[in-house]
Amino acid sequence: MIIGTAGHIDHGKSTLVTALTGTPMDRLREERQRGITIELNFASLRLEGIAPIGIVDVPGHEDFVRTMVAGASGIDLVLLVIDAGEGIRPQTLEHLTVVEQLGVPRGIPVLTKVDLVDADWLALVRAEVEARLSVSPVSFGTPVEVSAVTGIGLNVLRGRIAEEAAHASPRPPEDLFRLPVDRTFSLAGVGTVVTGTVWSGSLSIGDAVTLLPGGAQGKVRSIESFGQQTTTASPGARAALGLGGISREQAPRGTVVVAGRWPWTVTTALDVVITLSADAPAPLTRRSRVRVHHGTAEVMARVYPREDILPGGRGPARLALEDPLVVRGSDRLVLRRYSPVVTIGGGIVIDPSPPHRSRWPVELLDPDPLRRLVGLIDRRPSGVTADAAVILSGISSDTIGAVLEALPELITVGDRWILRSRFDSAGRKLVGLVEEYHLAHPALPGISLETLRSQLAATGWVVDALVARFAADGLLRRDRGAIARSGFAPGAGGGEGEVTRLVEAIREAGLEPPTTSELGGLGLTDLAGALRMAASRGLIEAVERDRHYARETLDRVTAVLRQVGAEGEIVPAAVREQLGLSRRFLIPLLEWADRTGVTRRGAEGRRTLV
């Protein structure tokens with residue numbers, strides 16, 4: 001479990017952590033000289049019978065709220081520290097807003113310096129704190145009254161922390177690994193070391209890692225957690241990772257360490273549901289500029305709300321980021337005003353990599369990640385893989401396999417998930433296109449797969465999957481790239497009688513057949529269909545683009561060519577003498593013979609092929 005402190009400057013956060021853990025805070029010389037916390041500090045709290053607990057001590061000064069947000073990200077429990085002599089102060093409220101927007105589930109209010117106030121004043125401050133926290137979404141218990149100097153209440157606080165730790169929900173170890181970097185330094189014999197809270201998943205020595213958004217890659221050389229060398233970094237623990245192959249400059253605060261096969265993407269747009277604080281100075285309107293705090297990173301962004309979001313209100317919006325982030329669905333973020341800098345609210349990520357100009361299906365705004373996944377896939381006609389669904393939805397990778405059973409709206413096709421309704425609709429349209437093609441082109445064996453792909457509003461793999469499924473069900477058949485209804489037999493629109501009339505006319509014309517336009521004089525209902533049918537049966541063959549010959553005529557030409565070729569080189573004059581043809585018809589027939597392999601024309605002339 002990870003605990004974070006929060007509260008106004010000089011209310012005793014660092015002193016309290018030191019008293020609880022015995023570890024001095026404010027490690028920087030400037031911090032000790034100024035008497036305030038500037039950077040994040042960390043300590044390990046060990047209680048009997050409880051696994052080690054990490055404590056993140058954050059700065060309380062208003063100039064360092066961005067550092068405070070980085071430290072508060074990923075904590076399980078917050079100690080809201082309030083000076084009993086001063087009560088709730090401005091940074092108390094801003095820090096409280098931060099932990100509320102980050103979705104920190106539980107907290108303990110701690111009234112410090114109680115040895116310096118009388119009982120009546122303490123009662124007033126306690127009542128004020130309880131009243132404010134009673135309306136907070138964070139589950140705060142009753143305040144604990146302590147003095148880090150005299151030790152009053154420290155054991156009570158330790159007991160409360162132990163109770164929280166005993167009932168904390170463990171993070172799933174099988175989820176994908178992610179650690180936002182909050183500190184980077186170099187260590188002799190180790191190299192680059194990054195520290196942070198393991199948001200999810202596990203990591204072991206020797207594992208390959210990637211640092212995003214930069215993309216630097218390396219391997220884990222060492223792991224330290226709670227001050228002890230270990231072989232594994234576990235979810236919900238503080239960890240220091242020694243990384244090989246990565247320089248200190250490649251791992252600044254805000255970088256995220258990821259590992260494994262997962263298809264993480266670096267995004268410059270987020271779709272979110274924003275909650276604006278009631279005391280925000282202005283509504284969020286189109287192109288409002290804000291500071292987005294996610295994990296340990298801070299980037300600027302423009303807000304594009306669906307409708308203006310008023311103070312105290314809530315609504316969906318797209319954030320156009322000015323720098324890239326690495327985000328997962330269901331992540332929480334904090335929003336601060338661009339200028340003057342003040343925390344104004346936060347939100348939850350509903351789509352970490354939204355398609356351009358995408359729809360907003362109603363399921364996308366559902367608080368349940370399962371229902372939201374339906375909306376995410378609705379936005380993506382080409383579907384998503386199960387691995388991508390883990391990142392898009394934020395659903396743990398160890399439970400994603402059961403999603404299909406819980407969501408009848410989804411269907412798996414190959415390695416992708418797609419909306420059942422979209423798949424079924426595409427299937428109905430595909431069958432309709434095949435039927436329409438048969439009516440329009442009865443003489444052709446079927447519609448090509450390429451034509452289906454171009455006419456269906458679905459990606460190629462969806463069309464292929466539909467064809468395969470319908471073929472397996474016996475509804476369609478696939479023959480040499482043509483898709484047809486099972487049982488369909490090609491035929492001319494005018495029937496077999498017209499095919500017979502056409503073939504007889506070409507056969508009777510012999511060596512000087514009519515052109516296609518001249519065949520129009522036959523008055524056939526479907527001349528093109530009759531030509532295709534006759535050609536598919538081998539009764540006729542196109543020698544020129546618009547002139548067909550009967551099979552018997554071409555057989556006669558072939559016989560003559562072989563007869564002439566048996567005596568040597570085939571010269572046009574000898575063939576013309578045998579067939580009695582003019583050059584207008586002879587040359588196309590000789591070229592046809594070359595194309596079909598009856599003859600071969602080379603440097604030595606034209607000869608027949610045996």
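Treat the numbers as computed from the prediction; the structure is a model and nothing was measured.
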Which atom names give the shortest non-hydrogen contact between [X] and [Y], and what distance separates them?
| X | Y | value |
| --- | --- | --- |
| Tyr338 | Arg291 | O-NH2, 3.1 Å |
| Gly7 | Lys13 | O-NZ, 3.1 Å |
| Leu364 | Gly375 | CD1-C, 4.0 Å |
| Ile2 | Ala237 | CD1-C, 3.9 Å |
| Arg332 | His294 | O-CD2, 3.7 Å |
| Thr197 | Pro180 | O-CD, 3.5 Å |

Does Arg371 pair with Glu409 as a salt bridge, N-O distance under 4.0 Å?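 Result for this pair is yes, salt bridge flagged.
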Measure the [atom1]-[atom2] distance between [X] and [Y] for me, rounded to the nearest 0.5 Å.
| X | Y | atom1 | atom2 | result |
| --- | --- | --- | --- | --- |
| Phe177 | Ser200 | CZ | OG | 8.0 Å |
| Arg89 | Glu94 | CZ | CD | 14.0 Å |
| Leu176 | Ile400 | CG | CD1 | 10.5 Å |
| Leu133 | Thr142 | CG | OG1 | 11.0 Å |
| Ile53 | Leu77 | CD1 | CG | 8.5 Å |
| Ile75 | Thr5 | CD1 | OG1 | 8.0 Å |

Set out, in order, the CA-CA distance, both residues' side-chain angles and the distance that settles side-chain contact (heavy atoms from CB on, under 4.5 Å) for Leu333 and Leu325, then state yes or no. CA-CA 12 Å; Leu333 47 84; Leu325 283 178; over 6 Å; no
Hey, mind stepping through Ile395 and Val403 against side-chain contact (heavy atoms from CB on, under 4.5 Å) and telling me if it holds? CA-CA 9 Å; Ile395 298 171; Val403 164; 4.1 Å; yes
A side-chain contact here means heavy atoms from C-beta on lying under 4.5 Å apart; do [X] and [Y] qualify?
| X | Y | value |
| --- | --- | --- |
| Asp351 | Leu392 | yes |
| Ser393 | Ser330 | no |
| Glu145 | Ile152 | no |
| Leu154 | Leu16 | yes |
| Pro352 | Asp331 | no |
| Val198 | Ser234 | no |
| Leu96 | Glu100 | yes |

Please enumerate all residues that pass side-chain hydrogen bond (donor to acceptor under 3.5 Å, both in side chains) together with [X], with sequence neighbours excluded.
| X | value |
| --- | --- |
| Thr195 | Asp182 |
| Arg337 | none |
| Asp398 | Ser396 |
| Arg221 | none |

Exceeds 12 heavy-atom contacts within 6.0 angstrom, atom CD of Glu130: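 It does: Glu130 CD has more than 12 such atoms within range.
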Within a radius of less than 6.0 Å around CZ of Arg286, do more than 12 heavy atoms belonging to other residues, nucleotides or ligands occur?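 12 or below, so no.
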side-chain hydrogen bond (donor to acceptor under 3.5 Å, both in side chains): pairs with one or both residues in residues 259-270, sequence neighbours excluded: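 Sorted result for residues 259-270: Arg261-Asp387.
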Is a side-chain N or O of [X] found less than 3.5 angstrom from the main chain of [Y], in a donor-acceptor match?
| X | Y | value |
| --- | --- | --- |
| Arg372 | Asp366 | yes |
| His8 | Gln91 | yes |
| Ser204 | Thr232 | no |
| Thr18 | Thr23 | yes |

Compile the donor-acceptor pairs under 3.5 Å between side chains in residues 239-250 and protein atoms, sequence neighbours left out, one pair per line.
| unit_1 | atom_1 | unit_2 | atom_2 | d |
| --- | --- | --- | --- | --- |
| Ser247 | OG | Gln250 | N | 3.4 |
| Ser247 | OG | Gln250 | OE1 | 3.3 |
| Gln250 | OE1 | Ser247 | N | 2.9 |

Return a table of donor-acceptor pairs under 3.5 angstrom between the side chains of residues 101-114 and protein atoms on other chains or two or more places apart.
| unit_1 | atom_1 | unit_2 | atom_2 | d |
| --- | --- | --- | --- | --- |
| Gln101 | OE1 | Gly346 | N | 3.3 |
| Arg106 | NE | Glu164 | OE1 | 2.6 |
| Arg106 | NE | Glu164 | OE2 | 3.4 |
| Arg106 | NH2 | Glu164 | OE2 | 3.4 |
| Thr112 | OG1 | His11 | O | 2.7 |
| Thr112 | OG1 | Ile82 | O | 3.4 |
| Lys113 | NZ | Asp10 | O | 2.9 |
| Lys113 | NZ | Asp83 | OD2 | 3.3 |

With sequence neighbours left out, write down each residue that passes side chain to side chain contact (heavy atoms under 4.5 Å, CB included) with Leu93, or none if nothing qualifies.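 Residues passing side chain to side chain contact (heavy atoms under 4.5 Å, CB included) with Leu93: Ile88, Arg132.
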Please identify each residue that fulfils side chain to side chain contact (heavy atoms under 4.5 Å, CB included) with Val149, with sequence neighbours left out.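 Partners of Val149 under the side chain to side chain contact (heavy atoms under 4.5 Å, CB included) test: Ser147.
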For Asp175, give me all partners under salt bridge (charged side-chain N to carboxylate O under 4.0 Å, His left out), at least two apart in sequence or on another chain.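 If we apply the salt bridge (charged side-chain N to carboxylate O under 4.0 Å, His left out) test to Asp175, skipping adjacent residues, the hits are Arg328.
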Does Glu224 have any salt bridge (charged side-chain N to carboxylate O under 4.0 Å, His left out) partners at least two apart in sequence or in another chain, and if so, which?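 In terms of salt bridge (charged side-chain N to carboxylate O under 4.0 Å, His left out), with neighbours along the sequence ignored, Glu224 is linked to no residue.
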Which side-chain N or O atoms in residues 270-283 pair as donor and acceptor under 3.5 Å with protein atoms at least two apart or in another chain?
| unit_1 | atom_1 | unit_2 | atom_2 | d |
| --- | --- | --- | --- | --- |
| Asp271 | OD1 | Arg318 | NE | 2.7 |
| Asp271 | OD1 | Arg318 | NH2 | 3.4 |
| Asp271 | OD2 | Arg318 | NH2 | 2.9 |
| Asp271 | OD2 | Arg379 | NH1 | 2.6 |
| Asp271 | OD2 | Arg379 | NH2 | 2.7 |
| Ser277 | OG | Ile344 | O | 3.1 |

